[in-house]
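Right, one structure below, let's go through it.
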Amino acid sequence: MSRRIRIGLIAEGEAELGESIPYITPEDGGKVIPRENEGALHTLIRKELLNAGFPDCDFIQRYPSIRENQKRTLRTGHSILDPKYLAQIVILWKPEEVDMILIIVDADDNIKQRKIDLEKAVNKIRDNHLDINEKIINDRSAGGLAIRNFETWLLADTENVAKILDVELPTLEKLENLDNTKEILEQAIAKSTYLSANIDNQRPLQIRWNLAFTMNLKTLKTNCPEGYGDFVKNLLATTEAVLPILV
């Protein structure tokens with residue numbers, strides 16, 4: 001039986017990465033992230049892999065960069081696309097720790113430039129993803145651009161969101177053309193009584209995880225074809241390249 005796929009995931013912040021995002025100590029690097037600490041993005045990726053018939057996966061904690069370690073804060077937002085930062089982060093993973101590396105970033109209001117930046121970022125990851133012989137691995141990394149943001153993906157199955165949160169949502173068409181999807185989701189969560197007993201700051205993260213877990217993947221790809229649809233194509237193609245090493 002094939003072992004689980006080991007994935008190094010780089011993304012912008014808590015909305016995507018859940019409880020795995022708080023400051024990472026160097027000794028946490030390279031370890032499997034406990035599933036109870038995963039976020040909504042981890043869940044979507046795992047669902048897509050299992051839906052396509054691939055083995056299950058584990059997500060591997062990254063190491064903090066030198067600057068992050070000194071300041072004890074993590075880099076978030078689209079600044080994760082910085083080539084120097086990515087080179088340092090990727091090279092810290094040992095070959096046996098990760099099989100594939102993924103990076104997902106929000107497009108925000110700058111889709112054209114973010115596409116350019118993401119392509120450069122993926123190339124930088126490939127330049128620094130090395131095997132045990134320190135040779136470049138150029139086919140086991142991929143990028144994704146959330147248009148306009150990750151909340152757009154979580155809203156894509158609008159019927160599911162309305163059902164889970166028990167709130168009315170506006171008619172949402174051509175989601176990737178909307179610039180207020182983050183606001184729509186945040187307002188829906190604020191109005192909802194779902195998980196209202198959870199009064200700490202983890203409630204929004206838990207709700208996002210639940211939305212990802214219950215979401216219809218076909219609906220998501222249909223309603224977010226340019227961002228999520230393209231990401232899934234890249235994800236599955238990259239996973240195909242990983243399969244021969246799963247021993």
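Shown are R140, R3, K94; of these, the salt bridge (Lys or Arg N to Asp or Glu O under 4.0 Å) with D99 is made only by R3. When each of T181, N180, D108 is checked for a side-chain hydrogen bond (donor to acceptor under 3.5 Å, both in side chains) with N149, only T181 meets the rule.
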Got a list of side-chain donor-acceptor pairs under 3.5 Å for residues 235-247, not counting sequence neighbours?
from: T238; atom 1: OG1; to: N234; atom 2: O; distance (Å): 2.7
from: T239; atom 1: OG1; to: L235; atom 2: O; distance (Å): 2.7

Run the side-chain donor-acceptor check on residues 211-218: report pairs under 3.5 Å with partners two or more places apart or on a different chain.
from: T214; atom 1: OG1; to: N160; atom 2: OD1; distance (Å): 3.3
from: T214; atom 1: OG1; to: N160; atom 2: ND2; distance (Å): 2.9
from: T214; atom 1: OG1; to: N210; atom 2: O; distance (Å): 2.8
from: T214; atom 1: OG1; to: L211; atom 2: O; distance (Å): 3.4
from: N216; atom 1: OD1; to: K218; atom 2: N; distance (Å): 3.0
from: N216; atom 1: OD1; to: T219; atom 2: N; distance (Å): 2.9
from: N216; atom 1: OD1; to: T219; atom 2: OG1; distance (Å): 3.3

Tell me, with the steps shown, if L145 and V105 meet side-chain contact (heavy atoms from CB on, under 4.5 Å). CA-CA 5 Å; L145 189 67; V105 67; 3.7 Å; yes
What verdict does the side-chain contact (heavy atoms from CB on, under 4.5 Å) test give for Q202 and W209, after you've listed the backbone C-alpha separation in whole Å, the side-chain angles of each residue and the deciding distance to 0.1 Å? CA-CA 11 Å; Q202 299 304 309; W209 187 92; over 6 Å; no
Under the side-chain contact (heavy atoms from CB on, under 4.5 Å) criterion, do H129 and V98 qualify, and how do the steps go? CA-CA 9 Å; H129 188 193; V98 294; 4.1 Å; yes
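The heavy-atom pair separating A107 from I147 by the smallest distance is CB-CG1, 4.1 Å. Minimum heavy-atom separation, I103 to A121: CD1-CB, 4.3 Å. The shortest heavy-atom contact between G13 and T76 is CA-CG2, 4.5 Å. Across G227 and E176, no two heavy atoms sit closer than the pair N-OE2, 2.8 Å. N223 and P225 make their closest contact through C-CD, 3.3 Å (heavy atoms, listed as atom of the first residue, atom of the second, distance). Considering every non-hydrogen atom in both Y194 and L165, the closest pair reads CD2-CD2, 3.9 Å.
Both L17 and L49 belong to a common hydrophobic cluster when Ile, Leu, Val, Met, Phe, Trp and Tyr are linked at side-chain heavy-atom distances under 4.5 angstrom. Under the 4.5 Å side-chain heavy-atom criterion for Ile, Leu, Val, Met, Phe, Trp and Tyr, L155 and L205 are members of distinct hydrophobic clusters. I45 and I101 are assigned to two separate hydrophobic clusters, defined by single-linkage of ILVMFWY side chains at heavy-atom distances under 4.5 Å. Under a hydrophobic-cluster definition in which Ile, Leu, Val, Met, Phe, Trp and Tyr are linked whenever side-chain heavy atoms come within less than 4.5 Å, directly or via other members, I60 and Y63 are assigned to the same cluster. Cluster annotation: V122 is not connected to I104 through the hydrophobic network of ILVMFWY side chains, with a link wherever side-chain heavy atoms come within less than 4.5 Å.
With sequence neighbours left out, the side-chain hydrogen bond (donor to acceptor under 3.5 Å, both in side chains) criterion links R203 to no other residue. Every residue was checked against the side-chain hydrogen bond (donor to acceptor under 3.5 Å, both in side chains) condition with E19, not counting sequence neighbours, and none meets it. Partners of K84 under the side-chain contact (heavy atoms from CB on, under 4.5 Å) rule, at least two apart in sequence or in another chain, are D82. For K163, there are no salt bridge (charged side-chain N to carboxylate O under 4.0 Å, His left out) partners two or more places apart in sequence or in a different chain. For Q61, the side-chain contact (heavy atoms from CB on, under 4.5 Å) criterion is met by S20, I24, D28, I33, not counting sequence neighbours. Listed by chain and number, the residues in a salt bridge (charged side-chain N to carboxylate O under 4.0 Å, His left out) with D230 amount to none (sequence neighbours excluded). In this view, R126 and S141 satisfy the side-chain hydrogen bond (donor to acceptor under 3.5 Å, both in side chains) rule, not counting sequence neighbours. Every residue two or more places apart in sequence or in another chain that forms a side-chain contact (heavy atoms from CB on, under 4.5 Å) with I116 is listed here: Q113, K120. Partners of K191 by salt bridge (charged side-chain N to carboxylate O under 4.0 Å, His left out), not counting sequence neighbours: none found. For the side-chain hydrogen bond (donor to acceptor under 3.5 Å, both in side chains) test, residues two or more places apart in sequence or in another chain that qualify with D58 are R4.
The existence of a salt bridge linking E96 and R6 is excluded, since no basic side-chain nitrogen approaches an acidic carboxylate oxygen closer than 4.0 Å. Electrostatic pairing of D109 and R148 counts as a salt bridge here, judged by a charged N lying under 4.0 Å from a carboxylate O.
The side-chain heavy atoms of R46 and I7, taken from C-beta on, include no pair separated by under 4.5 Å. The closest side-chain heavy-atom distance from L44 to L220 is below 4.5 Å. Here the side chains of L185 and R208 are in contact, with some heavy-atom distance below 4.5 Å. Side-chain contact between Q88 and E68 is absent, with no heavy atoms from C-beta onward closer than 4.5 Å. In this structure the side chain of D117 never reaches within 4.5 angstrom of the side chain of N110, judged on heavy atoms. Residues L169 and V167 meet the side-chain proximity criterion, which asks for heavy atoms closer than 4.5 Å. Here the side chains of T152 and L178 are not in contact, with every heavy-atom distance at 4.5 Å or above. For the pair F150 and E12, the minimum side-chain heavy-atom distance is 4.5 Å or more.
Residues Y85 and K124 bring no donor and acceptor atom of their side chains to less than 3.5 Å of each other. There is a side-chain donor-acceptor pair under 3.5 Å between H78 and R114.
L41 CG to L9 CG: the interatomic distance, rounded to the nearest 0.5 Å, is 5.0 Å. Atom-to-atom distance recorded for I66:CD1 and I89:CD1 is 9.5 Å, nearest 0.5 angstrom. For the atom pair T158 OG1 and L175 CG, the distance stands at 5.5 Å (nearest 0.5 Å).
Ring orientation note: the planes of W153 and F231 are close to parallel, at an angle under 30° on the 30°/60° scale.
No more than 12 heavy atoms of other residues, nucleotides or ligands shown are found within 6.0 angstrom of CD on E173. A 6.0 Å sphere centred on CZ of R67 holds no more than 12 heavy atoms belonging to other residues, nucleotides or ligands.
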